[in-house]
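So the structure is just underneath, and the comments pick up after that.
Note that the coordinates shown come from a computational prediction; the quantities given were computed from them, not determined experimentally.
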Amino acid sequence: LNRFDAEAVRRDFPALDQIVNDNALVYLDNAATTQKPDAVIDAVGDYYRNDNANVHRAAHALSGRATAAFEAARSKLARFINSAGTEELIWTRGTTEAINLVAGSWGRANIAAGDKVLVTELEHHSNIVPWQLLAQEKGAQLVVLPVTDRGELDLDALETLLDERVKLVALSHASNALGTLNPVEAVIAKARSVGAKVLVDGAQGAAHWPVDVQALGCDFYAFSGHKMFGPTGIGALWGRRDLLDAMPPYQGGGEMIERVSFSGTTFNSLPYKFEAGTPNIAGAIGLGAAVDYIESLDRSAAAQHEAALLDYALQRAADCGGLTRVGAPQRAASIYSFLVDGAHPGDVGMLLDQQGVAVRTGHHCAQPLMERFAIPGTVRASFSFYNTFADVDRLFAALEKARRLLF
Ligand code: PMP
């Protein structure tokens, strides 16, 4: 029995309650970004209304309050992913900047000519391009772990691709394009056995499942606030303290220094060494509120509800016919990525939008994966716990109508 009350939860999200193109909005683009609960919107508004000041610097009350709230948010997020300490949690603009930080700092210091960086075929561009740039700069090699027809990582191929020249394995917790939940623990164990470090792109992880970076055993975990009900422009890099300590700064500026003189500069301690300039204070506070919100829910019931939505969508799709799912991962986030046979995904997306149903179409920033399946893109319906079975019904009613208009 699923007791998750999605109807009650969705009332916390004001943007869900609106009319789009003469229809009640059905928001199924949660893998791109989730909507924000009132608690997050209020936390950001309250900060600007009452406490706005720069952090860590001025000796006045507002700055003290801003600093306390900013650092409290860091503590919440660190605890949320079970970081060993707050100094291992570095604020970034999001997953993309977190990965670029590792490539630009750890990568530049540790990757040499002839070394290999292993990524997977289902990565988002943000977990491909920074490694490609690094490999080009260093004369290193980018190695690609293929996926099977189901859209799952080919673990047999991993055995042959991993050798002691692989210095880093960079893989996503879950695929944003197909939903595939990757066996990260198994990959991490194998990568460690050849001495490679592991970065997990957690953009699609943190919103759906409890993340425990210590249990995972990875070296770096990158994620975005806006995909877990927090504001845009804020996210984090978690890294193992010994690695972060040894890494050179990523950007130079205020806040990241200990002492500056023209004869040389010394750098601040963790995490500030990697936080040059005035940070996204409001964003961090909003993300702290998002953590509180997520933790106020029954997370396992929420995850079960999301899984039930996907099961229901797959069943409706089978009944409906004329739809082809792309990949069929056995363990997956609540993402249904598909094609309407004979139609371009972009046309389908437009016809759904006209009926108030928001999905994402296209390559989902995973062009190599689209190439693997020899398709230009997919239609992607990605569910969150605030979606309902009625939303799934609306999707399929809209698809039926789109087909009548197209064919
Ligand atoms: N990796 C994955 C798997 C993603 O889904 C996304 C966002 N679509 C990113 C990385 C990039 O995240 P951001 O744009 O928030 O930096």
Locate the shortest heavy-atom distance separating [X] from [Y]; write the atom from each residue and the value.
| X | Y | answer |
| --- | --- | --- |
| Ser126 | Asp201 | OG-OD2, 4.4 Å |
| Leu352 | Ala398 | CD2-CB, 3.5 Å |
| Leu181 | His173 | CD1-O, 3.6 Å |
| Val44 | Pro231 | CG2-CG, 4.1 Å |
| Val359 | Gly349 | CG2-CA, 4.2 Å |
| Ala98 | Leu237 | CB-CB, 3.7 Å |

Does [X] use its side chain to pair, donor to acceptor, with the backbone of [Y] at less than 3.5 Å?
| X | Y | result |
| --- | --- | --- |
| Glu159 | Leu155 | no |
| Ser175 | Ala177 | yes |
| Glu121 | Val147 | yes |
| Arg360 | Arg380 | no |
| Arg241 | Gly85 | no |

To the nearest 0.5 Å, how far apart are [atom1] in [X] and [atom2] in [Y]?
| X | Y | atom1 | atom2 | value |
| --- | --- | --- | --- | --- |
| Tyr336 | Leu178 | OH | CG | 12.5 Å |
| Asn30 | Ser382 | CG | OG | 5.0 Å |
| Gln304 | Leu309 | CD | CG | 12.0 Å |
| Lys138 | Asn110 | NZ | CG | 9.0 Å |
| Met256 | Glu258 | CE | CD | 11.5 Å |
| Met350 | His344 | CE | NE2 | 11.5 Å |

Distance only, no hydrogens: is a donor on one side chain within 3.5 Å (strictly under) of an acceptor on the other, for [X] and [Y]?
| X | Y | answer |
| --- | --- | --- |
| Asp46 | Asn50 | no |
| His124 | Gln204 | no |
| Thr378 | Ser337 | yes |
| Thr95 | Ser224 | yes |
| Asn82 | Asp212 | yes |
| Thr278 | Asn54 | yes |
| Glu275 | Trp91 | no |
| His226 | Thr33 | yes |

Is the centre of the [X] ring less than 6.0 Å from the centre of the [Y] ring?
| X | Y | answer |
| --- | --- | --- |
| Tyr250 | Phe274 | no |
| Phe13 | Tyr293 | yes |
| His305 | Tyr386 | no |
| Phe385 | Phe229 | yes |
| His364 | His125 | no |

Do [X] and [Y] have side chains that get closer than 4.5 Å, going by heavy atoms?
| X | Y | value |
| --- | --- | --- |
| Cys320 | Gln315 | no |
| Val40 | Pro37 | yes |
| Asp38 | Asp12 | no |
| Leu161 | Leu118 | yes |
| Phe383 | Val392 | yes |
| Arg403 | Val340 | yes |
| Thr120 | Val144 | no |
| Leu134 | Trp131 | yes |

If you count heavy atoms of other groups shown closer than 6.0 angstrom to [atom1] of [X], is the number above 12?
| X | atom1 | value |
| --- | --- | --- |
| Glu371 | CD | no |
| Arg108 | CZ | no |
| Arg93 | CZ | no |
| Asp242 | CG | yes |

Are [X] and [Y] within salt-bridge range, i.e. N to O under 4.0 Å?
| X | Y | answer |
| --- | --- | --- |
| Arg316 | Asp393 | yes |
| Arg79 | Glu295 | yes |
| Asp219 | Arg240 | yes |
| Lys273 | Asp245 | no |
| Arg10 | Asp17 | no |
| Glu152 | Arg331 | no |
| Asp149 | Arg372 | yes |

Task: side chain to side chain contact (heavy atoms under 4.5 Å, CB included) between Val198 and Leu171, intermediate numbers included - done: CA-CA 8 Å; Val198 182; Leu171 86 161; 3.9 Å; yes
Open item on the list: Pair Asp115, Arg165 - check salt bridge (charged side-chain N to carboxylate O under 4.0 Å, His left out), show working.
Closed with: CA-CA 5 Å; Asp115 287 343; Arg165 282 168 63 205; over 6 Å; no
Open item on the list: Is there a side chain to side chain contact (heavy atoms under 4.5 Å, CB included) between Leu153 and Leu122? Walk through the geometry before answering.
Closed with: CA-CA 8 Å; Leu153 299 183; Leu122 53 67; 3.9 Å; yes
Open item on the list: Run the side chain to side chain contact (heavy atoms under 4.5 Å, CB included) test on Val117 and Val143 for me, step by step, so that the C-alpha distance in whole Å, both residues' side-chain angles and the decisive distance to 0.1 Å come before the verdict.
Closed with: CA-CA 6 Å; Val117 174; Val143 183; over 6 Å; no
- [ ] Go through Leu323 and Asp341 one step at a time and tell me if the side chain to side chain contact (heavy atoms under 4.5 Å, CB included) criterion holds.
- [x] CA-CA 6 Å; Leu323 305 175; Asp341 298 346; 5.7 Å; no
